[in-house]
2 protein chains.
Amino acid sequence: MRVSKQQAAENREGVLDAAAKLFRERGFDGVGVDAVMAEAGLTHGGFYKSFASKDALVAEACTRAFRQIDDFWGGYAGRPGKGLAAAVGWYLSRRHLDSPGDGCVLAALAADAGRRGPTARAVFSVGLERWVGYLVRLLPGASEARRRDAALARIATMVGAVAIARALDDQSLADEILAAARIAVLADYAVPEGQSR
Amino acid sequence: MRVSKQQAAENREGVLDAAAKLFRERGFDGVGVDAVMAEAGLTHGGFYKSFASKDALVAEACTRAFRQIDDFWGGYAGRPGKGLAAAVGWYLSRRHLDSPGDGCVLAALAADAGRRGPTARAVFSVGLERWVGYLVRLLPGASEARRRDAALARIATMVGAVAIARALDDQSLADEILAAARIAVLADYAVPEGQSR
DNA sequence: ATTATCTATAGATCTATAGATAATGC
DNA sequence: ATTATCTATAGATCTATAGATAATGC
């Protein structure tokens, strides 16, 4: 019943992976500690040897989920121009909609995070700030301040579009809002100056 | 212990008001039937005389919450030009952030709705479509199709900005994303042609 | 007599803890 | 001997139901 120190560390990682996935799929209140442990292939009793509380798990699991944003947007942040369209294309896609457990933590859990305490909210503040940094690098524009505003607004558009599209029963309306968001996020940036609108 | 037919109808309305408020504040999974009934000043046992299930309550409470969107945006939809800035000004305000129980149902519950069944999601589809209708009337623009795209994207921006801002621990970052969304939502529309960007 | 609400409770689930178990690591 | 995990369970909470209660409405 006891495993090696390394295996125990791997198990802890597995719990975090399971939590990061399940929370995004069902929300913080929709997933119990038992479900997370079961997803990780463990029994629920051992949970509190690794984590102080469910709240601590929430914070760590979100930190982990934000790392996927780093990987994705950070990966595009080096390249200019075409990178933005490709990244936005995936973000505002049906594929992203249909895989919340592996998708953007903000689109899946921003409202849930708003109902939690300072610990989880701090993770979201730091994570958002990093995403803004990557996006600022992808957006051409005059001043740094303007690019920062543009990045913040575009993140809001993308996150809102995915969250809303998931809430809809009407698939064609969901596709419409994704398409409309794509146009708004790429307009004035991917398209040469003065060509759009 | 029994009340008049009229009083019973009023009690049912009170339960829906309580649910519409509490769900937006704590999420569907964060509020039990008992809490809703207590908020309405009733005991939980009587709940199932009025509603078939919690799911039925969720759907009806969201329908009620969407009616507030009708009142607010529908009220502005008649007037052109200046109405948009005023409506957006409230929507993207600290006051709205701080009163989720009386605020936009999409900003508070879109992600939650995405985890529910077709009944609740149908309410969101119909409610969103109505909001789009009001906003299309507020947005000048060339073709109907372009105005519809603009309305959808701007709804996504507003909903995303409020949901994200609520998730943040950092108040100044929250204010920043609200301000950035304000600029993005009003640009090219409230500002005379060619003057912005 | 009907019925809106209340009291009480069943059965499930959730967070958290206690103690047992058995393999690791000194 | 230490400790990672398991079994078992406490105490709270959640959805839903059953039966009692008492005022309405025929």
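Chain A is the first sequence line, chain B the second, and so forth, proteins listed ahead of strands; every chain is numbered from 1. In what follows, every heavy atom counts, from backbone to side chain, and hydrogens, waters and symmetry copies are set aside.
- Applying ring pair (Phe, Tyr, Trp, His ring centres under 6.0 Å) to A:Phe66 and the options A:Trp73, A:Tyr134, A:Phe124, A:Trp131 leaves one that passes, A:Phe124.
- Note that CZ of A:Arg24 and CG of A:Leu106 are 11.0 Å apart. Values are rounded to the nearest 0.5 Å.
- Here D:dA10 sits opposite C:dT15 as a Watson-Crick or G-U wobble pair (both hydrogen-bonding atom distances under 3.5 Å).
- Summarising the base pairing, C:dT24 is matched to D:dA1 through a Watson-Crick or G-U wobble pair whose two defining distances lie under 3.5 Å.
- Clustering ILVMFWY residues whenever any of their side-chain heavy atoms sit less than 4.5 angstrom apart, transitively, puts A:Phe51 in a cluster other than the one holding A:Val3.
- Protein chain B touches strand DNA chain C; the 5'-most and 3'-most nucleotides with an atom under 4.0 angstrom of its non-hydrogen atoms are C:dT2 to C:dT9.
- For A:Gln6 and B:Gly41, each mapped to the nucleotide of DNA chain C holding its nearest heavy atom, the one lying further toward the 5' end belongs to B:Gly41.
- Note: B:Thr157 OG1 to A:Leu152 CG = 12.0 Å, rounded to the nearest 0.5 Å.
- Each of B:Arg2 and B:His44 has a nearest nucleotide on DNA chain D; the 5'-most of these lies closest to B:His44.
- Rounding to the nearest 0.5 Å places CH2 of A:Trp90 at 4.0 Å from NE2 of A:His96.
- To the nearest 0.5 angstrom, B:Arg148 atom CZ is 12.5 Å from B:Leu139 atom CG.
- Within 4.0 Å of A:Ser4, counting heavy atoms only, lie sugar-phosphate atoms of the nucleic acid but no base atom.
- The main-chain N or O of A:Phe28 is found under 3.5 Å from a side-chain atom of A:Asp112 such that the two form a donor-acceptor pair.
- Listed by chain and number, the residues in a ring pair (Phe, Tyr, Trp, His ring centres under 6.0 Å) with B:His44 amount to none (sequence neighbours excluded).
- Across residues 27-35 of chain B, not one residue has a non-hydrogen atom less than 4.0 Å from an atom of DNA chain C.
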